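Below: one structure, written as structure tokens.
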Protein chains: 2
Amino acid sequence: MHAIREAMATMHKRSEEIPPVSKAVESLVRQVIAQVADKWTMLVLEALEEHGTLRFGECGRIVGGISQKMLTKTLREMERDGLVVRTVHPVIPPHVDYTLTELGRELSAAFCGVWTWAETYHAEVSAARRAFREREEG
Amino acid sequence: MHAIREAMATMHKRSEEIPPVSKAVESLVRQVIAQVADKWTMLVLEALEEHGTLRFGECGRIVGGISQKMLTKTLREMERDGLVVRTVHPVIPPHVDYTLTELGRELSAAFCGVWTWAETYHAEVSAARRAFREREEG
DNA sequence: TTCGATACGCACCAAAAGGAGAGTGTCGGC
DNA sequence: GCCGACACTCTCCTTTTGGTGCGTATCGAA
């Protein structure tokens with residue numbers, strides 16, 4: 001009945017009762033990972049890495065399929081985390097551009113492995129999905 | 001007034017009107033990335049990489065802070081994508097365990113760079129956030 | 001005999017993600 | 001003189017995400 005509640009309680013307790021000093025660091029790392037391992041962040045990062053400095057609209061066009069709202073939000077978060085620098089040129093009409101910082105470039109390089117993996121193995125993933133569906137339905 | 005609508009329409013049109021042959025592949029890669037660049041997927045991947053074969057409950061305890069529902073969902077998706085193998089031992093009480101496939105291990109290795117980045121630079125990210133907040137509020 | 005353990009599925013609900021559309025202010029081109 | 005471009009912001013609205021709690025089957029232990 002409440003077996004699961006206790007099981008999950010234990011699950012949580014175990015991870016909270018053992019704070020091996022570096023618990024704060026691990027939490028931070030997780031937070032950073034969760035933030036950064038975002039679809040749009042990855043895509044924007046890629047766009048900026050490939051094209052260098054980009055304006056808001058350019059960036060949206062290159063990424064493709066992103067709404068203004070999400071583009072604004074993603075770029076703001078990246079700026080906040082020190083991944084991009086936002087430069088406002090006070091002219092009319094407004095001109096704002098975004099450039100990767102060193103931190104951003106490093107992250108982009110780190111993500112490179114994942115991109116390569118996806119490009120290398122997407123066929124295998126598709127095959128696995130087909131096989132899974134057939135096993136389920138067939 | 002409807003300037004933006006047109007701008008965004010153009011934004012989308014551009015990316016949809018130019019299908020440079022590898023458009024399908026890019027779409028697939030993006031889909032795979034979006035799937036795989038998930039917080040829980042990364043965490044489970046890490047747990048399995050570090051501990052080898054794990055049971056459902058063990059996995060939850062190691063990842064920490066994940067609900068059953070999300071753990072089930074994450075593991076199912078990973079199985080579907082060919083990242084883990086799910087083995088059911090038909091005993092009572094039930095015993096199910098999960099192991100990374102070669103594909104999963106490759107992905108884990110690819111993510112290694114991101115983990116390293118996060119561990120290396122989390123302090124910089126924190127600093128950037130503080131600076132951003134001070135610039136905004138102060 | 002009743003409880004605890006296992007690995008879930010299901011129903012319900014709250015919160016967050018994300019899209020659509022309108023509005024803003026100014027300028028240069030038609 | 002009016003419209004389009006820029007880089008947004010703001011307000012709805014829908015979809016997705018994720019948590020909680022309950023139920024299940026069966027066995028061995030208390």
Side-chain angles (χ1 to χ4, degrees), chain A residues 1-14 30-31 34-35 37-44 53-79 84-98 136, chain B residues 1-15 30-31 34-35 37-44 53-79 84-99 136:
Chain A
M1 230 155 280
H2 48 295
I4 287 143
R5 311 228 320 82
E6 297 205 352
M8 295 310 279
T10 307
M11 197 183 268
H12 287 208
K13 228 177 272 170
R14 293 249 175 100
R30 275 195 192 199
Q31 203 188 330
Q35 185 72 252
D38 169 72
K39 183 189 168 192
W40 296 127
T41 303
M42 290 187 63
L43 261 12
V44 169
T53 297
L54 288 177
R55 302 181 59 172
F56 181 84
E58 278 180 312
C59 188
R61 262 170 254 127
I62 290 165
V63 169
I66 188 170
S67 66
Q68 304 173 346
K69 186 180 165 179
M70 276 300 105
L71 185 53
T72 304
K73 194 190 157 206
T74 304
L75 285 169
R76 280 279 188 284
E77 285 175 353
M78 289 174 77
E79 188 198 1
V84 299
V85 185
R86 184 175 117 107
T87 314
V88 181
H89 303 274
V91 294
I92 304 261
H95 183 118
V96 181
D97 50 36
Y98 299 88
E136 288 269 294
Chain B
M1 233 154 279
H2 47 295
I4 287 141
R5 312 230 316 84
E6 297 204 351
M8 295 310 280
T10 308
M11 197 182 272
H12 287 206
K13 227 178 270 167
R14 293 248 176 101
S15 69
R30 274 194 193 200
Q31 205 188 328
Q35 185 72 253
D38 169 70
K39 181 191 168 190
W40 296 126
T41 303
M42 290 188 64
L43 261 12
V44 169
T53 298
L54 287 177
R55 301 182 60 172
F56 181 83
E58 277 181 313
C59 189
R61 263 171 254 126
I62 289 165
V63 169
I66 187 169
S67 66
Q68 304 174 345
K69 187 180 166 181
M70 277 299 106
L71 184 54
T72 304
K73 194 189 157 206
T74 304
L75 285 168
R76 280 278 188 286
E77 285 175 354
M78 289 174 77
E79 188 197 2
V84 300
V85 186
R86 184 175 115 107
T87 313
V88 181
H89 303 276
V91 293
I92 304 259
H95 183 118
V96 181
D97 51 36
Y98 299 89
T99 313
E136 289 269 295

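Owing to the predicted nature of the structure, the values given are computational and were not obtained by experimental measurement. So that the names make sense, note that chain A is the first sequence line, chain B the second, and so on, each numbered from 1.
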Looking at A:Arg76, I'd like to know whether one of its side-chain N or O atoms comes within less than 4.0 Å of OP1 or OP2 on D:dA7.
no
Hey, does B:Arg86 have a side-chain heavy atom less than 4.5 Å from the side chain of B:Arg76?
yes
Protein-nucleotide distance (B:Asp97, atom CG; C:dA7, atom P), rounded to Å
9 Å
Taking OP1 and OP2 of C:dC8, is either one under 4.0 Å from a side-chain nitrogen or oxygen of B:Arg86?
yes
Heavy-atom side-chain proximity of B:Leu71 to B:Trp40 below 4.5 angstrom
no
Candidate nucleotides C:dG18, D:dT9, C:dC8, ranked by approach to the side chain of A:Lys69 - the nearest:
C:dG18
Which of C:dT6, C:dG9, C:dA20 is nearest the side chain of B:Pro93? It is C:dT6
Just the rounded figure in Å: distance from P of C:dA7 to CG of B:Leu71.
10 Å
Nearest-Å distance, CG (B:Leu43) to C1' (D:dG18)?
15 Å
Does OP1 or OP2 of C:dA7 have a side-chain N or O of B:Arg55 closer than 4.0 Å?
yes
What's the CG-P distance between A:Asp38 and C:dA16, to the nearest Å?
16 Å
Want to settle it: does B:Trp40 or B:Ile92 sit nearer the 5' end of DNA chain D, counting the closest nucleotide to each?
B:Trp40
Please give, in whole Å, the distance from C:dA7 P to B:Met70 CE?
19 Å
Rounded to whole Å, NZ of B:Lys73 lies from C1' of D:dG18 at a distance of 8 Å
Rounded to whole Å, NE2 of A:His95 lies from C1' of D:dC8 at a distance of 14 Å
On DNA chain C, does the nearest nucleotide to B:Val96 precede the nearest nucleotide to A:Lys39 from the 5' side, or the other way round? Give the residue.
B:Val96
Value in whole Å for how far the P atom of C:dC8 lies from CZ of B:Phe56:
5 Å
Residues A:Leu54 and A:Cys59: closest non-hydrogen pair is CD1-CA, 3.9 Å
Point-to-point distance, once rounded to the nearest 0.5 Å, from CZ of A:Arg30 to NZ of B:Lys39
8.0 Å
Can you measure from CG (A:Asp38) to NZ (A:Lys73) and round to the nearest 0.5 angstrom?
7.0 Å
